[in-house]
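Working notes for the structure below.
Numbers for residues simply follow the sequence, beginning at 1. The analysis underlying the following values was restricted to heavy atoms, covering all of them including side chains, and did not include hydrogens, waters or symmetry mates.
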Amino acid sequence: MTSSLLTACGIDFGTSNSTAAIHDGRRARLLPLEDGKATLPSAIFFNLDEDSHSFGRAAMAEYLEGYEGRLMRSMKSLLGSSLMDAGTEIGGRYLSFRELLGRFIGEIKLRAEDATQQTLQQVVLGRPVRFVDDDDAADRQAETTLGDIARQCGFRDISFQYEPLAAAHDYEQDIGREELVLVIDIGGGTSDFSLVRLSPERRGKADRNADLLGHGGVHIGGTDFDRQLSLAALMPELGLGAALKDGKPFPSSVFFQLATWHTIHLAYTRKAWSELQGMARNIADHRRYDRLARVVQQQRAHELALAVEQAKIALSADDRIRIGLDALENGFSLDILRCTLDEAIAQDIARIGATAQATLRQAGVEAGQLDTLFFTGGASAVPALRQSLAALFPQARAVEGDAYGSVGSGLAVTARQRYGN
Ligand SMILES: Nc1ncnc2c1ncn2[C@@H]1O[C@H](COP(=O)(O)OP(=O)(O)OP(=O)(O)O)[C@@H](O)[C@H]1O
Ligand SMILES: [Mg+2]
């Protein structure tokens, strides 16, 4: 790609999508990670039929083709969670979650090196403002764990940058005048904010502390919207909310596991399966129970989660959509309205808005002082979220970043500042 020695990169390891970028002295460039595309979906599929594993779009495709195996997505959500020190059994082999994350980040490094033809030694890793809400020790631990994993992957120098601040640096590459900007990065796992003063003159300066007015973050993102939509519209079709013969409600934990990307594997353990079978005699609604049993036994919950995610994305453009769900029953389909999604995620949206307001309040900045809302992250496209943020900051103009690339490009800007290439 380039003949000079470029050994520093930025890596945006995202809950849903990852990118890697380098700075060639003139600008930041995202590197092709899969089939010429800059994003690598953060997914691994362990194919048990062929005793192999694959990454990104290829992983999702193999899973959907019906190979026996296990799909892992939303791995970043394990960082800072109590699951991080555990692992999962795949085809009789135990895989620790550290090793799982290592395989994915190691693959990003390999592909980035393939694209640059250099051995990458320094990395600026993006991090959400909060890996863990309200627990500073667990939050620090999550960063330490991610750093350790990057070291095991072969990076020599590792440092971190807030993801929204990275996106600010990306935006600043192209602005023509001074602006007070609230960067709004709504990703798969977290919503992150940076309040920054940006200008062409400040761009190259080493010390930017005076321009960084505040940061805020909350562990809510697009995968939470998926979960809420699944619980509201889909899981009732598998028995959530149904009563058992003895009048007690069907235990809800399995539905929460199935509706949450990074806990689906918990519903597939032998123990969970025998508990589910043990309930058979107490079931009143066999049609729904059979759907649930089918999804768990055939390990098809990711297929449902993908359909729900597609529904959520389609509802950004349409008021009503229909999804086919053969995993439940052959020929089964479900109509979902945008207002069902809006209602399901209303509390999440309120918390995201409150976090944005708190970011300004802590910096002593009034809403009316903001010039720009800079949007990035795939989930920033949700209309109800956009409307709610626009209402909180009515005077600011909205600017669209590169939904999937701004953070990665900005991390490369920081990598150049810190590591000098
Ligand atoms: N048009 C759309 N409408 C609604 N949601 C969308 C749309 N496009 C993508 N998404 C959602 O955006 C999320 C992925 O965004 P992104 O790739 O920015 O996240 P990420 O960087 O991987 O996550 P994070 O930064 O939180 O770790 C997914 O939940 C995806 O379903
Ligand atoms: Mg992101």
Side-chain angles (χ1 to χ4, degrees), residues 11-19 33-34 37 39-48 52-81 83-84 86-91 95-108 111 126 128 131 142 146 149 186-190 219-231 234-235 256-269 295-296 298-313 323 327 377-379 403-404:
I11 290 184
D12 174 19
F13 168 47
T15 310
S16 306
N17 295 291
S18 296
T19 61
L33 293 185
E34 187 178 18
K37 298 190 175 70
T39 50
L40 180 67
S42 306
I44 307 185
F45 181 66
F46 293 89
N47 184 326
L48 297 177
S52 61
H53 61 279
S54 52
F55 299 88
R57 290 169 195 82
M60 314 273 259
E62 274 187 45
Y63 167 77
L64 290 174
E65 277 163 34
Y67 284 101
E68 176 83 9
R70 174 76 68 78
L71 180 72
M72 301 298 293
R73 256 191 111 191
S74 283
M75 295 168 277
K76 186 181 179 183
S77 301
L78 296 164
L79 285 168
S81 85
L83 290 172
M84 192 59 222
T88 184
E89 204 185 291
I90 300 177
L95 181 75
S96 75
F97 287 135
R98 277 173 191 263
E99 200 183 330
L100 179 75
L101 264 70
R103 288 212 193 172
F104 189 76
I105 291 169
E107 185 69 17
I108 299 176
R111 292 185 185 202
F131 277 108
L146 182 56
I149 290 170
I186 317 289
T190 56
H219 211 291
I220 299 174
T223 55
D224 297 284
F225 302 163
D226 297 343
R227 177 173 57 236
Q228 303 297 4
L229 184 58
S230 179
L231 291 171
L234 175 58
M235 290 301 153
F256 281 85
Q257 285 166 354
L258 294 176
T260 308
W261 284 103
H262 68 283
T263 59
I264 288 175
H265 65 277
L266 297 176
Y268 295 160
T269 59
V295 165
V296 172
Q298 297 182 359
Q299 301 204 353
R300 292 177 77 174
H302 280 97
E303 206 177 308
L304 299 186
L306 277 169
V308 169
E309 181 182 11
Q310 289 309 316
K312 172 197 68 178
I313 292 173
I323 50 173
Y404 301 104

Is there a donor-acceptor pair closer than 3.5 Å between any side-chain N or O of [X] and the backbone N or O of [Y]?
X	Y	value
Tyr404	Thr19	no
Glu34	Ala58	yes
Arg70	Glu89	yes
Arg73	Trp261	no
Ser230	Asp226	no
Ser18	Ser42	no
Ser96	Glu99	yes

Kindly give the heavy-atom pair with the smallest separation between [X] and [Y], and that separation in Å.
X	Y	answer
Ala43	Ala59	O-CB, 3.9 Å
Leu229	Ala311	CD2-CB, 4.4 Å
Gly189	Asp224	O-OD2, 3.9 Å
Phe46	His53	CD2-CB, 3.8 Å
Ile323	Ala307	CG2-O, 4.0 Å
Leu258	Ala267	CD2-CB, 3.6 Å

(message) Please enumerate all residues that pass ring-ring contact (aromatic ring centres under 6.0 Å, His included) together with Phe13, with sequence neighbours excluded.
(response) Phe104
(message) Working note: Leu79 + Leu101, criterion side chain to side chain contact (heavy atoms under 4.5 Å, CB included); need CA distance, chi angles, decisive distance, verdict.
(response) CA-CA 9 Å; Leu79 285 168; Leu101 264 70; 3.8 Å; yes
Side chains of [X] and [Y], heavy atoms from C-beta outward: is any pair under 4.5 Å?
X	Y	answer
Thr15	Thr190	no
Phe256	Met235	no
Met75	Ile44	yes
Ile90	Leu48	yes

[atom1] of [X] to [atom2] of [Y]: how many Å apart, nearest 0.5 Å?
X	Y	atom1	atom2	result
Leu78	Phe131	CG	CZ	12.0 Å
Phe55	Met60	CZ	CE	14.0 Å
Asn17	Arg57	CG	CZ	7.5 Å
Leu146	Met84	CG	CE	9.0 Å
Met72	Ile264	CE	CD1	9.5 Å
Asn47	Glu65	CG	CD	9.5 Å

(request) Decide, yes or no, whether a salt bridge links Glu107 with Arg103 under the criterion of side-chain N to carboxylate O below 4.0 Å. (result) no
(message) Please confirm whether the ring centroid of Phe97 lies under 6.0 Å from the ring centroid of His265.
(response) yes
